[in-house]
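Convention: sequence-line order gives letters A, B, ...; per-chain numbering from 1.
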2 protein chains.
Amino acid sequence: VPTRLDLRILFDGDERLGPGKIRLLELIDAEGSISAAGRAMDMSYRRAWLLVESLNRGFREPAVEARPGGRHGGGTALTPFGRELVRRYRAMEAAAADAVADHLRFLEQRRPVADGE
Amino acid sequence: VPTRLDLRILFDGDERLGPGKIRLLELIDAEGSISAAGRAMDMSYRRAWLLVESLNRGFREPAVEARPGGRHGGGTALTPFGRELVRRYRAMEAAAADAVADHLRFLEQRRPVADGE
């Protein structure tokens, strides 16, 4: 496993945006349901739902919406703003990783030698 | 309170470096003691000590060392490597904040209007 950066944004007023919520949005996009996305993260439906609620209250536009559907119900989808959040967060991660690469290399070189190496 | 970035580095093998350990190092540097630094962060001595242990095991060189002293004991100090860790982390924070500034501004503008604004 390579060294990873974990980037969290702490907004005034307590809303946080970090890798967990972003991964949940990506999985909702892929699975079309909050419960399936939560399951894929080993998260209870309640916890996944609370994270979605927090995201939807955290910005002027919702990130996730119910999609009315046919006979089997419509499931859940990202809004255009939800996709924008994911895209921006992943771009921020990449930009930050790039900006700190030299320092990360310095730190990695000072990690202990692992057993068996 | 302005928006803040919270940067954590996740090394291979589970060591993490984030704002809590760095703040603890800065306070050990200022206070000359693990217990005073922990107190300043509302942290038990045990928790502060465990974080220092984790830092000292996480790299080839220790970040914190006991400083043998006179009649009253010598207290605790950062090693040159400990200071380098703090300096590098703060530089990484600044570089990352700079790299993501445009995205942060976009997100801040989409936050809900606070009561009374």
Side-chain angles (χ1 to χ4, degrees), chain A residues 1-22 54-63 79-82 84-117, chain B residues 1-22 54-63 79-82 84-117:
Chain A
V1 192
T3 301
R4 288 201 305 113
L5 269 195
D6 181 336
L7 193 70
R8 288 159 203 280
I9 305 155
L10 282 55
F11 294 100
D12 185 20
D14 250 19
E15 176 68 12
R16 288 151 177 267
L17 187 63
K21 281 179 185 164
I22 294 297
S54 159
L55 274 165
N56 279 352
R57 274 194 320 265
F59 299 94
R60 295 185 191 192
E61 297 176 68
T79 63
F81 177 69
E84 179 89 15
L85 268 187
V86 170
R87 195 185 65 71
R88 294 249 179 196
Y89 179 84
R90 293 303 183 199
M92 291 171 77
E93 266 190 333
D98 203 54
V100 307
D102 288 349
H103 291 299
L104 270 196
R105 226 170 350 257
F106 172 93
L107 294 176
E108 281 176 330
Q109 284 162 359
R110 275 141 193 94
R111 292 272 294 150
V113 179
D115 290 348
E117 265 182 49
Chain B
V1 191
T3 301
R4 287 202 305 113
L5 270 195
D6 180 336
L7 194 69
R8 288 159 203 278
I9 305 155
L10 281 55
F11 293 101
D12 186 21
D14 251 19
E15 177 67 11
R16 287 151 176 269
L17 187 63
K21 281 178 185 164
I22 294 298
S54 160
L55 274 166
N56 279 352
R57 274 194 320 264
F59 297 94
R60 296 185 191 192
E61 298 176 66
T79 63
F81 177 69
E84 178 89 15
L85 268 187
V86 170
R87 195 185 65 71
R88 295 248 178 197
Y89 179 84
R90 293 303 184 197
M92 290 172 77
E93 265 191 331
D98 203 53
V100 307
D102 288 349
H103 291 299
L104 270 196
R105 224 169 352 254
F106 172 93
L107 294 176
E108 280 175 331
Q109 284 162 359
R110 275 140 194 94
R111 292 272 295 151
V113 179
D115 290 347
E117 266 182 49

*Asks:* Does a salt bridge link B/Glu108 with B/Arg111, judged by any charged N lying under 4.0 Å from a carboxylate O?
*Replies:* no
*Asks:* Counting only heavy atoms not in A/Arg16, do more than 12 fall under 6.0 Å of its CZ?
*Replies:*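 No - once you tally the heavy atoms of other residues, nucleotides and ligands closer than 6.0 Å, there are 12 at most.
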*Asks:* Might you point out which heavy atoms bring A/Leu107 and B/Met92 nearest each other, and give the distance in Å?
*Replies:* CD1-SD, 4.1 Å
*Asks:* Can you say whether B/Glu93 sits under 4.5 Å from chain A via the side chain, the backbone, both, or neither, judging by heavy atoms?
*Replies:*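 For B/Glu93, neither part sits under 4.5 Å from chain A.
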*Asks:* Taking every heavy-atom pair that is under 4.5 Å apart, which of B/Arg88, B/Gln109, B/Glu15 has the most such pairs with chain A?
*Replies:* B/Arg88
*Asks:* So if I apply the side-chain contact (heavy atoms from CB on, under 4.5 Å) rule between A/Ile9 and each of B/Leu104, B/Val100, B/Asp6, which one comes out positive?
*Replies:* B/Leu104
*Asks:* Does any heavy atom of chain A fall under 4.5 Å from the side chain of B/Phe81, the backbone, both, or neither of them?
*Replies:*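 Answer is side chain: those atoms of B/Phe81 sit under 4.5 Å from chain A.
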